[in-house]
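Structure, as structure tokens:
Proteins get letters first, then strands, A, B, ... in listed order; numbering begins at 1 in each. Hydrogens, waters and symmetry mates are skipped; everything else that's a heavy atom, side chains included, is used.
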Amino acid sequence: MSSDTTTAQEALTFADLGLSPKVLSAVTDAGYTEPTPIQAGAIPHALLGKDVLGIAQTGTGKTASFVLPMLTRLEKGRARARMPRTLILEPTRELAAQVEENFVKYGKNHKLNIALLIGGVSFDEQDKKLERGADVLIATPGRLLDHRERGKLLLNGVEILVIDEADRMLDMGFIPDIERICEMIPFTRQTLFFSATMPPEITKLTEKFLHAPVRVEVSKAASAATNITQRLVKSGSKPWDKRETLRNLIRAEDAELKNAIIFCNRKIEVSELFRSLLKYDFDAGALHGDMDQRARMQMLANFRDGKLRYLVASDVAARGLDIPDVSHVFNYDVPIHAEDYVHRIGRTGRAGRSGKSFTIATKSDTKYIDAIERLIGTKIEWHDGDLSTVVASEGEDEAPRRGKGAPRRAGRKDDSKDRGERKPRDRHAKRSEEVAPEAVRDEQPVVAEAAVADIGERRARKESIRSENTERKVSSDRNEQRAPERGDTRPQRDNNRPARHRQEDNDGTVGFGDDMPAFMRIVAKV
DNA sequence: AAAAAAG
């Protein structure tokens, strides 16, 4: 008992917080006895009806810190049609769905009507639930406003308002929507406000919409046990180089790797990398915001349940999603904004476990790496030599490095306008090693049957895939135009929706300012 | 150089 920093406070149990018996029994059934710091700090105040400003990372038990007191307070009274009693705003659909799951789990002894209003699914069922009278309304801002404009929703009966992940809402340009929504709700309400960081815009928002809030800040305590080993991994800059680097990395980590999220910067890369990994027999799923909503949910569920070992994702998965026990995070791309790096690697090393993160870096990434290292205040160690030792491919043109004798294309200017055709470069890549996405899907079952034992066998199979692929080329090109299917990971929406108002950063604050999450201070010792 | 959220 030397460096043990445990204090008497931590002996606190849920029973000490003032929660109702119904809620307590559900918490006990879920296997919890001791509240996390944010729960211990926020729940008593929330139960007294006070406004709460919670500053906490995800993975700190933040969701239960508002769900549990809300359930207790909801035991008195009942909802009227189209007039929800409580409203929880979430930045993404997945987060909203996750909060709903928490209400179901901890509200199992209650008879509450819960309505989830998110985009990507039909209005009908949501309308019915509103009509029936919702005790708990969980929503993303767009769909909520949509319902309101259609006259299906009155917000003047809301007693408790929760704004979750406020800093992320800011990043996503939701703040004007949030302000609009706040103004629709009577000021007699109780407001519970959560944010991982407190940039100036968020502080302004709290000053405007919170009344004498109790401030609960827990980043330090909650992340004290966090331990993430971070490494940079050099790679050539071509897609096939990076994919190969990633595969080698994954194989090398195999023994320690329980499951991993692989982050890409772009949706199209998520889709392409996902198919490539499937082709190489990795047990992968994909997640990005333009996928069909059912596919999104399905992928996430499968990954959570351990049916998928790898999840290739855009930054939709970088924050907030509760995916316990991720052993590894791979950054297939260096994130352009340093804050995103912090959120991505924060998907591992949660709840006191150790985690590993690898960031694949190419020569053109150095300035982003510099920015990340500046933000986290540490140099990140190179996994296997830095970029000066990378096999040169920068000066080379697009000819595939291993595709022996692949003839150079005559007209290689890429004239294919984004959507219809794949780029010529991809066809080259396909010939050497990669495969057109459609063909990958087609042949996936064939590949899956074979046992994957050794590299030699892989090589052999790769050969057969390659030839199979050329045969299939004609038909897969024809398939290019086909309507998207369920489970299709290709981006499906056009990004030509009117751009929403974006909050501009104008005060010169970089990154987290003074509010750098504590877990960033615990980095791999170099 | 991106992603996310309304249809």
Side-chain angles (χ1 to χ4, degrees), chain A residues 58 88-98 116-124 126-127 138-153 163-181 237-239 242 261-273 286-293 296 300 311-321 331-344 347 360-369 371-372 418 489-503 505:
Chain A
T58 44
I88 298 132
L89 292 171
E90 295 288 337
T92 68
R93 298 170 187 173
E94 276 77 11
L95 275 172
Q98 198 170 283
L116 178 65
L117 304 190
I118 59 174
V121 293
S122 93
F123 282 86
D124 293 352
Q126 297 178 356
D127 283 342
I138 306 152
T140 47
R143 182 57 75 97
L144 182 89
L145 289 169
D146 217 343
H147 276 282
R148 212 195 98 93
E149 278 153 23
R150 290 158 20 114
K152 298 286 185 184
L153 179 60
I163 297 167
D164 197 13
E165 303 258 332
D167 51 349
R168 193 169 184 203
M169 303 252 202
L170 173 72
D171 290 348
M172 293 168 66
F174 281 167
I175 296 304
D177 288 346
I178 298 302
E179 291 185 316
R180 271 181 70 200
I181 294 166
S237 53
K238 301 301 177 207
K242 293 178 75 170
I261 304 180
I262 303 163
F263 284 104
C264 301
N265 285 357
R266 281 176 289 250
K267 289 176 281 204
I268 189 74
E269 282 171 343
V270 170
S271 188
E272 286 171 2
L273 178 60
L287 187 69
H288 67 67
D290 280 358
M291 281 164 55
D292 171 89
Q293 188 60 26
R296 275 169 78 162
L300 193 55
L311 186 68
V312 188
S314 69
D315 280 316
V316 69
R319 306 189 204 184
L321 288 192
N331 287 315
Y332 177 77
D333 296 309
V334 179
I336 292 165
H337 294 297
E339 295 92 329
D340 289 334
Y341 175 82
V342 176
H343 290 292
R344 288 181 181 185
R347 307 313 307 175
I360 296 177
T362 70
K363 281 187 174 150
S364 51
D365 292 325
T366 35
K367 66 176 174 214
Y368 300 114
I369 294 168
I372 290 167
D418 36 277
T489 65
R490 286 174 301 177
Q492 291 180 8
R493 278 199 302 256
D494 273 351
N495 265 343
N496 58 5
R497 282 196 237 141
R500 296 172 75 90
H501 173 72
R502 229 173 213 286
Q503 204 94 3
D505 235 343

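Between the CD atom of A/Gln293 and the P atom of B/dA4 there is a distance of 11 Å, given to the nearest Å. The distance from atom CE of A/Met291 to atom C1' of B/dA4 is 15 Å, rounded to the nearest whole Å. Atoms CG (A/Asp164) and P (B/dA4) sit 19 Å apart, rounded to a whole Å. One atom, CD1 of A/Ile372, and another, P of B/dA1, lie 19 Å apart when rounded to the nearest Å. One can place CE of A/Met169 at 15 Å from C1' of B/dA6, the figure rounded to the nearest angstrom. Rounded to a whole Å, the CZ atom of A/Arg296 is 9 Å from the C1' atom of B/dA5. When rounded to the nearest whole Å, the span between CZ of A/Arg266 and C1' of B/dA3 equals 12 Å. In this structure, CD1 of A/Ile268 is placed 14 Å from C1' of B/dA3, rounded to the nearest angstrom.
If you check B/dA5, B/dA4, B/dA2 against the side chain of A/Thr140, the one that comes closest is B/dA5. Side-chain atoms of A/Lys267 lie closest to B/dA3 of the nucleotides B/dA5, B/dA1, B/dA3. Closest to the side chain of A/Asp146, from the set B/dA5, B/dA6, B/dA2, is B/dA6. Closest to the side chain of A/Phe174, from the set B/dA2, B/dA4, B/dA5, is B/dA5.
Residue A/Ser364 places no side-chain N or O under 4.0 Å from the OP1 or OP2 atom of B/dA1. For B/dA4, the OP1/OP2 oxygens have a side-chain nitrogen or oxygen of A/Ser314 closer than 4.0 Å. For the pair A/Arg93 and B/dA3, the criterion of a side-chain N or O lying under 4.0 Å from OP1 or OP2 is not met.
When heavy atoms are screened at a 4.0 angstrom cut-off, A/Phe263 is found touching no nucleic acid atom at all. At a threshold of 4.0 angstrom between heavy atoms, the contacts of A/Pro91 are confined to the sugar-phosphate backbone, with no base atom among them. Contact annotation for A/Asp340: base contact, defined as any heavy-atom pair under 4.0 Å involving a base atom.
Distance check: A/Ile178 CD1 to A/Leu144 CG gives 9.0 Å after rounding to the nearest 0.5 Å.
Side chains of A/Ile181 and A/Leu89 form a contact here, defined as non-hydrogen atoms less than 4.5 Å apart. Counting heavy atoms from C-beta on, the side chains of A/Arg168 and A/Phe174 never come closer than 4.5 Å. Two residues are said to be in side-chain contact when any heavy atoms from C-beta on lie closer than 4.5 Å; A/Gln293 and A/Ile118 meet this criterion.
With respect to the salt-bridge test (charged N to carboxylate O, under 4.0 angstrom), the residues A/Lys242 and A/Glu272 do not qualify.
Judged by distance alone with a 3.5 Å cut-off, no donor-acceptor contact links the side chain of A/His288 to the base of B/dA3.
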